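Keep in mind it's a predicted model, so treat the numbers as computed, not measured. First the proteins, then the strands, lettered A, B, ... as listed; each starts at 1.
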Amino acid sequence: GNSVTQMEGPVTLSEEAFLTINCTYTATGYPSLFWYVQYPGEGLQLLLKATKADDKGSNKGFEATYRKETTSFHLEKGSVQVSDSAVYFCALSNSANTGNQFYFGTGTSLTVIP
Amino acid sequence: DVKVTQSSRYLVKRTGEKVFLECVQDMDHENMFWYRQDPGLGLRLIYFSYDVKMKEKGDIPEGYSVSREKKERFSLILESASTNQTSMYLCASSHGQPIAKNIQYFGAGTRLSVL
C-alpha cells in the first residue's frame, strides 16, 4: 500500500538553526512527493514538490530530494526564521491507484524562537 | 491566486443534527476534495469529486455524503452528526488529470464541534 511516515514533533529551534524534518514513504510504482506547510489559522499550502527520483524541490530556502533508494524525502533549511513556525506535512500522490491517490503524513509542528 | 473558501471557520452542532459544510473555489478546477484533520492522524480523505455530479469515496466515507451540483461548489454533509465527527475539516481543489500530478489548493478549514 501507500503511506507516509514523518518525524514526530513538536520541534523547537532557535532562529538561524539548521532544520531537518524526516519523511519516509511506502508506495507502489512511481509516486510524486510533496511538502505542504500550514501556518497558524490557515489551510495547507504547497511548499515544494518532486515528481521523480533524484529530483530536488526547493522554495523559500527549503529543500528536499527524492531518494528512491532510501524511500525518503527529508525537508531541510539551512537557517530558520521565526516566520517559519508552522506545521509541515509530507505527502505522496500515486496515479497508479484507483480511488484515493493522495496520502499525507501526520504533520510536524515547528516553533522557531528568537 | 487560487481561492478556496469554506463557509464557516467554526461550527458547534448537537448530536443527531444534519450538518452542511460548504466549499467554493474560484479557479474553475475540476477536482475537489474533503479531508478531516485530527491530531496524530494527519489528513484523511473523506470524499473527492472530479466533475460535476461525480463523487468518489476516500478512505473514511462512513457517516458522510457529498454533493457537487455546480463545478465551483462541493458540499460535505453529515446526515446525523456524532461526537466522533468533531474535527477540523479541510476542503481542497485541483486542476486536471491525472489527479495525482496536480497541486491541491486548500481552504482555511472548518472546525466542527459536535456536542
Note to self: Is there a side-chain contact (heavy atoms from CB on, under 4.5 Å) between B:F106 and A:E42? Walk through the geometry before answering.
What the structure shows: CA-CA 9 Å; B:F106 284 82; A:E42 299 182 14; over 6 Å; no

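The distance between the ring centers of B:Y35 and A:F102 does not fall below 6.0 angstrom.
Between B:L43 and A:L44 there is a side-chain heavy-atom pair separated by less than 4.5 Å. Contact of the B:L45 side chain with the A:F104 side chain is not registered, since no non-hydrogen atoms from C-beta on lie closer than 4.5 Å.
Minimum interatomic distance between A:G41 and B:A108 (heavy atoms only, all atoms of both residues): O-CB, 4.2 Å.
For B:Q37, the part sitting under 4.5 Å from any heavy atom of chain A is the side chain, from C-beta outward, and nothing else. Residue A:Q6: no heavy atom, backbone or side chain, is found under 4.5 Å from chain B.
The distance from the CG atom of B:L90 to the CD atom of A:Q38 is 6.5 Å, given to the nearest 0.5 Å.
Under a hydrophobic clustering in which Ile, Leu, Val, Met, Phe, Trp and Tyr are joined whenever their side-chain heavy atoms come within less than 4.5 Å, directly or via other members, A:V80 and A:L48 fall into the same cluster. Cluster membership for B:W34 and B:I103, using ILVMFWY side-chain heavy atoms within less than 4.5 angstrom, is not shared. Taking hydrophobic clusters as Ile, Leu, Val, Met, Phe, Trp and Tyr residues chained together by side-chain heavy-atom distances below 4.5 Å, B:L21 does not share a cluster with B:Y105. Connection of B:F20 to B:F33 is not established within any shared hydrophobic cluster, with ILVMFWY side chains joined at heavy-atom distances below 4.5 Å, either directly or through further cluster members. Under the 4.5 Å side-chain heavy-atom criterion for grouping Ile, Leu, Val, Met, Phe, Trp and Tyr, A:I113 is not connected to A:L19 through any hydrophobic cluster.
Other residues, nucleotides and ligands contribute over 12 non-hydrogen atoms within 6.0 Å of the NE2 atom of A:H74.
For the options A:G43, A:G107, A:G105, heavy-atom pairs under 4.5 Å to chain B are most numerous at A:G43.
For B:R44, the side-chain contact (heavy atoms from CB on, under 4.5 Å) partners two or more places apart in sequence, or in a different chain, are B:R36, B:D38, B:L41, B:I60.
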